[in-house]
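Below is one structure; the comments refer to it alone.
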Amino acid sequence: QVQLVESGGGLVQAGGSLRLSCAASGRTFSNYNMGWFRQAPGKEREFVAAITWSGIIAPHTEYADSVKGRFTISRDNAKNMAYLQMNSLKPEDTAVYYCAAARGGRLTRVGEYDYWGPGTQVTVSA
């Protein structure tokens, strides 16, 4: 089992920045791919960003087209933490953001992730 808890959400004006954190506990964090997803009211949960587990090669990152160049995902295996730095925020980024962990599979697919946090609300005002 992996337990995940997000933090860092809040209310920010358009153009502002937030940094989301995901604290992991349980099984070996470094063995898991980590992803960030979001869900706006009335919409399906969608992929935002992901980073592969850290083995002998540098981790690989992927981003949704809508956040490329604005969001950055990172991880600190020594602290069992994952992060999502969000810059140049837009009102359409408003959603509940979820951290998730997976042993493998397609990084962009919701169904590939085994563990989820409860989510943190991000609200971007115009």
Side-chain angles (χ1 to χ4, degrees):
Q1 289 281 347
V2 176
Q3 292 79 41
L4 304 171
V5 178
E6 304 92 342
S7 62
L11 173 64
V12 64
Q13 289 188 331
S17 298
L18 282 174
R19 187 194 195 203
L20 303 184
S21 298
C22 175
S25 60
R27 293 184 180 269
T28 306
F29 173 74
S30 60
N31 290 346
Y32 288 81
N33 297 332
M34 299 299 298
W36 286 95
F37 292 78
R38 66 188 182 188
Q39 188 166 16
K43 295 187 177 181
E44 293 187 353
R45 192 168 298 190
E46 65 174 5
F47 169 75
V48 175
I51 185 167
T52 56
W53 71 284
S54 298
I56 58 174
I57 58 175
H60 167 74
T61 58
E62 289 191 26
Y63 296 92
D65 289 342
S66 60
V67 307
K68 279 182 183 176
R70 300 188 299 123
F71 291 11
T72 302
I73 189 171
S74 62
R75 66 190 299 162
D76 185 338
N77 290 335
K79 296 181 178 179
N80 284 1
M81 297 290 294
Y83 305 97
L84 185 68
Q85 177 66 43
M86 305 186 296
N87 299 328
S88 302
L89 283 161
K90 305 175 181 180
E92 50 264 44
D93 294 318
T94 295
V96 176
Y97 282 71
Y98 298 91
C99 171
R103 286 302 306 269
R106 288 280 298 273
L107 292 175
T108 61
R109 289 185 178 173
V110 171
E112 300 284 10
Y113 287 79
D114 305 300
Y115 304 102
W116 293 83
T120 185
Q121 176 70 46
V122 171
T123 303
V124 184
S125 61

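- In terms of modelled atom types and a separation under 3.5 Å, the side chain of R75 and the main chain of F29 share a donor-acceptor contact.
- V48 and V12 fall within the same hydrophobic cluster, defined by Ile, Leu, Val, Met, Phe, Trp and Tyr side-chain heavy atoms under 4.5 Å apart, directly or through other members.
- Looking at D114, its side chain never comes within 3.5 Å of a backbone N or O of A102 through a donor-acceptor pair.
- Screening residues 117-126 for salt bridge (charged side-chain N to carboxylate O under 4.0 Å, His left out) gives no qualifying pairs among residues at least two apart or on separate chains.
- Counting non-hydrogen atoms of neighbouring residues, nucleotides and ligands closer than 6.0 angstrom, the CD atom of E92 exceeds 12 such neighbours.
- For R19, the side chain to side chain contact (heavy atoms under 4.5 Å, CB included) criterion is met by Y83, Q85, not counting sequence neighbours.
- We find the CG-OG1 distance between D93 and T123 to be 11.0 Å, quoted to the nearest 0.5 Å.
- Partners of K68 by side chain to side chain contact (heavy atoms under 4.5 Å, CB included), not counting sequence neighbours, listed by chain and number: Y63, D65.
- Annotation for S88 and S17: closest pair N-OG, 4.3 Å, computed over non-hydrogen atoms.
- Here the side chains of F47 and R106 are not in contact, with every heavy-atom distance at 4.5 Å or above.
- Rounded to the nearest 0.5 Å, atoms CG (N80) and SG (C22) are 10.0 Å apart.
- Between A14 and A126, the shortest heavy-atom contact is CB-CA, 4.4 Å.
- Residues R38 and T94 have side chains not in contact (no heavy-atom distance under 4.5 Å, counting atoms from C-beta outward).
- Residues M86 and R70 are not in side-chain contact: their nearest non-hydrogen atoms beyond the backbone lie 4.5 Å or more apart.
- What you find for L84 and A49 is that their closest heavy atoms are CD1-CB, 4.0 Å.
- Cluster membership for V96 and L4, using ILVMFWY side-chain heavy atoms within less than 4.5 angstrom, is not shared.
- Residues L20 and F37 fall into different hydrophobic clusters, defined by Ile, Leu, Val, Met, Phe, Trp and Tyr side chains chained together at heavy-atom separations under 4.5 Å.
- Checked by atom type and distance alone, the side chain of T52 pairs as donor or acceptor with a backbone atom of H60 at under 3.5 Å.
- Residues I51 and W36 share a single hydrophobic cluster, defined by chaining ILVMFWY side chains whose heavy atoms lie under 4.5 Å apart.
- Of the candidates C99, S74, P59, C99 is the only one forming a side chain to side chain contact (heavy atoms under 4.5 Å, CB included) with M34.
- Here the closest non-hydrogen pair linking W116 and Y113 is NE1-O, 3.6 Å.
- Note: F71 and Y97 have tilted aromatic rings, judged against thresholds of 30 and 60 degrees for the angle between ring planes.
- Inter-residue side-chain proximity for Y98 and V110 is flagged as unmet; no heavy-atom pair is nearer than 4.5 Å.
- The CG atom of N87 sits 6.5 Å away from the OG1 atom of T72 when rounded to the nearest 0.5 Å.
- Between the side chain of E112 and the backbone N or O of L107, no donor-acceptor pair lies under 3.5 Å.
- Taking CD of Q1 as the reference point, atom OH of Y115 lies at 4.5 Å (rounded to 0.5 Å).
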